[in-house]
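First up is the structure itself, then whatever we jot down about it.
One-based numbering, in listed order, for ligands and for the atoms of each.
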Amino acid sequence: MGATVRHLLSAGDLSGEEISFLLDLAAALKRRPQRVLEGRQLALLFEKPSLRTRVSFQVAMRHLGGETIYLAPQEVGLGEREAIKDVSRVLSRYVDIVAVRTWGQEIVEEYAQYSAIPVINALTNEEHPCQALADLLTVREKKGHLKGVSLAFIGDGNNVASSLLVTAASLGMDVRMAAPRGYMPPEPILAEASARAAASGGSLTMVHDPSEAVRGADALYTDVWTSMGQEREAERRRIAFAGYQLNAGLVALAAPGALVMHDLPAHRGEEITDEVMESEQSIIFDQAENRTWAQAAVVAFLLGAAHEVQG
Ligand code: CP
Ligand code: NVA
């Protein structure tokens, strides 16, 4: 068992100070990539498709002097071809760190219990902490700071929303979210985010009306209405989320020049219009780019190499 090994399974695993530290580390590595992980190996154990997460981890490891091994969906069969605890102990003997993209959060938690090496959550149904770090890095680059910046998430209380709420609230942001009834993030996430907002001098406001959430906001964020694995609910969700589209009408209610954000992949014409995605206000592709640097920081931090990075 890897009781003393540090993992990143959930946004709540990081304190506000650690999140700020990781953003500074990511910015330093972006300014000047440094080979602080020479000879280290990262396994990417993925049970769902990916463009950004896979490529950005691979590129990040290259920049740091390390290597990656990619295990595609169908290859390992976590808990199907082989017990989770066996896969975890075997990979611990080969590589230095592992990023796992899977279904339920309980899978990555069980995996980590048996891992002798750090485990990073590369997306579960419940959380996407690497995305949240890249998103905050991007907002900080654009606004110069995060404290007091208002960020409105419009749509599903999914993995992306949950990790974003917890991290943004930890850094004193004015966090708002509008979701239909029945689609808010889970209660423990809301409790964690609001406790962190109270401690950081930020705020958390949960509403059902999107126009209320976006009014005067500095940044607007949305994600798909139907996440991977929910495809059978797509029609029901299209109905529930009608009125939650990030479109020009909603953007007009935000602060002038408000940042438009999406983690991608986007379903253009559903949760966001083409026009808004292509607008000058969109920082969507900057978010995608910053996945590399946020994850470079996470890997360096978990492998104990952060102190070697020169500012
Ligand atoms: N945003 C994100 O995680 O994208 P992928 O699913 O392509 O990795
Ligand atoms: N909420 C989406 C995010 C994809 C990066 C999903 O889980 O499919």
- Task: Verify side-chain contact (heavy atoms from CB on, under 4.5 Å) between Phe153 and Val160, making sure each step is shown before the conclusion.
- Result: CA-CA 10 Å; Phe153 188 100; Val160 168; 4.2 Å; yes
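- In this model, no donor atom of one side chain and acceptor atom of the other lie less than 3.5 Å apart for Asn125 and Gln230.
- Near ligand 1, residues Ser50, Leu51, Arg52, Thr53, Arg101, His128, Gln131, Asp263, Leu264, Arg291 each place a heavy atom inside the 4.0 Å sphere around the ligand atoms.
- For Tyr244 and Tyr183, the gap between ring centers reaches or exceeds 6.0 Å.
- Sparse packing is recorded around CD of Glu280, with 12 or fewer heavy atoms of other residues, nucleotides or ligands lying under 6.0 Å away.
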- Message: Set out, in order, the CA-CA distance, both residues' side-chain angles and the distance that settles side-chain hydrogen bond (donor to acceptor under 3.5 Å, both in side chains) for Thr138 and Gln287, then state yes or no.
- Response: CA-CA 6 Å; Thr138 313; Gln287 291 174 258; over 6 Å; no
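- Arg268 CZ: more than 12 foreign heavy atoms inside a 6.0 Å radius.
- Counting only distance, with no hydrogens or angles, the side chain of Ser279 and the backbone of Val276 share a donor-acceptor pair below 3.5 Å.
- Taking the ring centre of Phe46 as origin, the terminal cationic atom of Arg54 falls outside the region bounded by 6.0 Å and 45° from the ring axis.
- In this structure, ligand 2 sits under 4.0 Å from heavy atoms belonging to Leu123, Asn158, Asn159, Val160, Asp223, Val224, Ser227, Met228, Asp263, Leu264.
- Side chains of Gln295 and Ser56: a donor on one and an acceptor on the other come within 3.5 Å.
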